Amino acid sequence: MKPAADRLAALLGPWFAGPLPVRVRAWDGTEAGPEGAPVVVLRSPEALRRLLWQPGELGLAEAYIAGDLDVEGDLAEGLGRVWSALREHGTARPGPGALAKAAALAAGLGAVGPPPAAPDAGPGRARLRGRPHSAARDRAAIAHHYDLSNEFYALLLDRTMAYSCGYWTRPDDPGYGLADAQRDKLELICRKLGLGPGKRLLDVGCGWGALALYAAREHKAEVTAVTLSRAQHAFVAARVEEEGLGALVDVQLRHYRHIEGGGYDAVTAIEMGEHVGDAEYPDFAALLHGVLRPGGRLLVQQMSRGASAPGGGAFIGTYIAPDMHMRPVGRTVDLLEVAGLEVRSVESLREHYVRTIRAWHRTLEERWVRFTALVGEPTARVWRLYLAGSALAFAQRRMGVDQILAVRASREGDASMPPTPAAWYGRAAS
């Protein structure tokens, strides 16, 4: 009988138009496939069984999360090389004869059997109930990702707890790092919004309060911060008290649809709009317009997808951000303008997100023992796969992220905007 690796290579080969893009190491120690290609390690037939029951991205991801499948060396580099090979040669659709042969090979490898249990990773698969984007379902979707634990995110992020794309003004300076890029991002947002003493800011989806606290501390803005996450709300409230900012920051636990009041000078939605939903976005844009005073400014920092790219995917939607929706940036601009807002600036931060995610990934690897002790190895592997894959998606233009600055002009057309954006890009905050 042929070694397991040779049979695995024969099983996988018909699904690729070009050469097999990986070298396979099987559970019996044998190897097959091109020399120099990324080495995929299958530790047991369970990995193959997962793919038979769930072909495609999610089956591969769960095999990796469970530890049945691994990639030797740097995961991000391995994924990048495989993706490049697939982009060059493409995939294939085996015919009936090839499928019958594949089934016989799979049976001979011990892959036939009942479906494996889902990996025991953190909150596990998202199992949302109810009407999509109802308040209750949105709360469950947010809790699935953001309520993993404040300790986990404190270990992954910098001191600001900013969980969004940084703004790397000095990327080649060895003394400049993630915390500096996040401060520079926060300062850029405040400058674009023209914040200052007495200015009222509504921060929709405030996360762990990075922007709300910065705007109050550094620009003396009066901030209403809204989150749907109980863990985030508790964290921000504690930070407000710790920094003595209670007179300037009001943090509220509520759905964006339940925001009260208006007349704000500025409104922000920093990487929150992806969670709103496609059908719900027009109403969301109308709400943002409605809570602004005439002349008030809106800044949306939001992930987008390429025109022909899916955005997200089965793994992201199942384990990371259920019910998330991304669209090309131009369509978001259209929706904001239909709501009555005048878009004044769109700035792509795509390359900045590659640097930001790679910094988070480095932290994960450097603190791997601490992460696994905190959340367990399967959950840590979810995040390793998520960060490695996300950095690659932004690097290859399958995903983007943009800052969209808009204004609610007065009836007479007064936008109250500076004549040029020069003041936004002055000396960096750090």
Side-chain angles (χ1 to χ4, degrees), residues 61 64-67 70 74-76 119-124 126 141-168 175-186 205-214 225 227-243 251 270-272 275 303 315-316 319-322 352-392 394 401 430:
Y64 179 81
I65 295 163
D70 221 328
D74 184 271
L75 177 62
D120 182 19
I142 292 300
H144 178 85
H145 185 54
Y146 295 98
D147 288 357
L148 179 58
S149 81
N150 286 340
E151 292 78 12
F152 175 89
Y153 287 100
L155 194 59
L156 181 70
L157 308 175
D158 67 286
R159 165 68 182 169
T160 69
M161 291 288 281
Y163 184 40
S164 56
C165 180
Y167 194 70
W168 297 73
Y176 181 96
L178 176 62
D180 303 302
Q182 293 293 6
R183 284 197 302 272
D184 285 348
K185 182 267 301 291
L186 298 174
C206 67
W208 286 273
L211 176 60
L213 294 165
Y214 186 90
T227 178
L228 197 53
S229 164
R230 294 185 184 279
Q232 290 179 341
H233 178 266
F235 183 92
V236 180
R239 275 276 175 96
V240 168
E241 183 176 356
E242 176 188 323
E243 297 193 26
V251 56
I270 307 302
E271 295 182 27
M272 175 270 178
H275 302 289
M303 286 182 278
F315 164 63
I316 297 289
Y319 279 90
I320 301 296
H352 295 263
Y353 227 158
V354 177
R355 296 187 181 100
T356 301
I357 296 172
R358 285 177 178 168
W360 291 335
H361 190 184
R362 282 194 300 273
T363 298
L364 180 73
E365 298 298 343
E366 290 166 0
R367 300 176 177 177
W368 185 255
V369 173
R370 295 170 65 185
F371 277 107
T372 56
L374 181 64
V375 298
E377 185 165 343
T379 301
R381 288 172 74 87
V382 167
W383 278 80
R384 176 187 273 164
L385 185 59
Y386 168 48
L387 294 175
S390 295
L392 187 62
F394 283 101
V401 64
S430 57

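In this text, all values refer to a predicted model and were calculated from it rather than measured experimentally. Sequential numbering from 1 along the given sequence is applied to the chain's residues.
- Under a cut-off of 6.0 angstrom, the local environment of CD in E241 is sparse, with at most 12 non-hydrogen atoms contributed by other residues, nucleotides or ligands.
- Take R362 and apply the side chain to side chain donor-acceptor pair (under 3.5 Å) test, not counting sequence neighbours, and it matches no residue.
- A donor-acceptor pair under 3.5 Å is absent between the side-chain atoms of T379 and the main chain of G376, judged by distance alone.
- Heavy-atom minimum distance, C165 versus V401: SG-CG1, 4.1 Å.
- The heavy-atom pair separating A380 from V375 by the smallest distance is N-CG2, 4.1 Å.
- Note that NE2 of H275 is 6.0 Å distant from CE of M303, once rounded to the nearest 0.5 Å.
- When the ring-ring contact (aromatic ring centres under 6.0 Å, His included) test is applied to Y64, no partner is found at least two apart in sequence or on another chain.
- For D70, the salt bridge (charged side-chain N to carboxylate O under 4.0 Å, His left out) test picks out R43, R381, with sequence neighbours left out.
- If you take OG1 on T160 and CG on L178, they are separated by 7.5 Å, rounding to the nearest 0.5 Å.
- Not a single salt bridge (charged side-chain N to carboxylate O under 4.0 Å, His left out) links E271 to another residue, sequence neighbours left out.
- Legend: residues meeting ring-ring contact (aromatic ring centres under 6.0 Å, His included) with F152, ordered by chain and number and at least two apart, are F371, W383.
- Under the side chain to side chain contact (heavy atoms under 4.5 Å, CB included) criterion, H233 pairs with T227, V251, L253, sequence neighbours left out.
- Put simply, the side chain of H352 never gets that close to the backbone of Y167: no donor and acceptor are under 3.5 Å apart.
- C206 and V236 make their closest contact through SG-CG2, 4.4 Å (heavy atoms, listed as atom of the first residue, atom of the second, distance).
- Between the side chains of W208 and N150, a donor-acceptor pair is found at a separation under 3.5 Å.
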Next on the checklist: Assess the residue pair Y153 and F235 against the criterion (side-chain contact (heavy atoms from CB on, under 4.5 Å)); give the C-alpha distance rounded to whole Å, side-chain angles, the decisive distance to 0.1 Å, and a yes or no.
Outcome noted: CA-CA 11 Å; Y153 287 100; F235 183 92; over 6 Å; no
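- Residues F315 and V382 have side chains in contact (heavy-atom distance under 4.5 Å, counting atoms from C-beta outward).
- The two residues G175 and D180 have their closest heavy-atom pair at O-OD2, 3.8 Å.
- With sequence neighbours excluded, no residue forms a salt bridge (charged side-chain N to carboxylate O under 4.0 Å, His left out) with E151.
- Considering CG of L156 and CG of L387, their distance stands at 6.5 Å, rounded to 0.5 Å.
- Here S390 pairs with nothing under the side chain to side chain donor-acceptor pair (under 3.5 Å) rule; sequence neighbours left out.
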Item to check | Stepwise side-chain contact (heavy atoms from CB on, under 4.5 Å) check, D184 with W168 | outcome: CA-CA 7 Å; D184 285 348; W168 297 73; over 6 Å; no
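- Proximity of Y319 to L385: side-chain heavy atoms (C-beta onward) are nowhere separated by under 4.5 Å.
- Scanning all heavy atoms of the two residues, the minimum distance from P119 to I65 falls at CB-CG2, 3.5 Å.
- With sequence neighbours excluded, no residue satisfies salt bridge (charged side-chain N to carboxylate O under 4.0 Å, His left out) with E366.
- Residues passing the ring-ring contact (aromatic ring centres under 6.0 Å, His included) test with W360 are Y163, sequence neighbours excluded.
- Partners of S164 under the side chain to side chain donor-acceptor pair (under 3.5 Å) rule, at least two apart in sequence or in another chain, are K185.
- Taking the side chain to side chain donor-acceptor pair (under 3.5 Å) definition, one finds that E365 meets it with H361, R384, sequence neighbours left out.
- At a threshold of 4.5 Å between non-hydrogen side-chain atoms, the residues T356 and Q182 count as touching.
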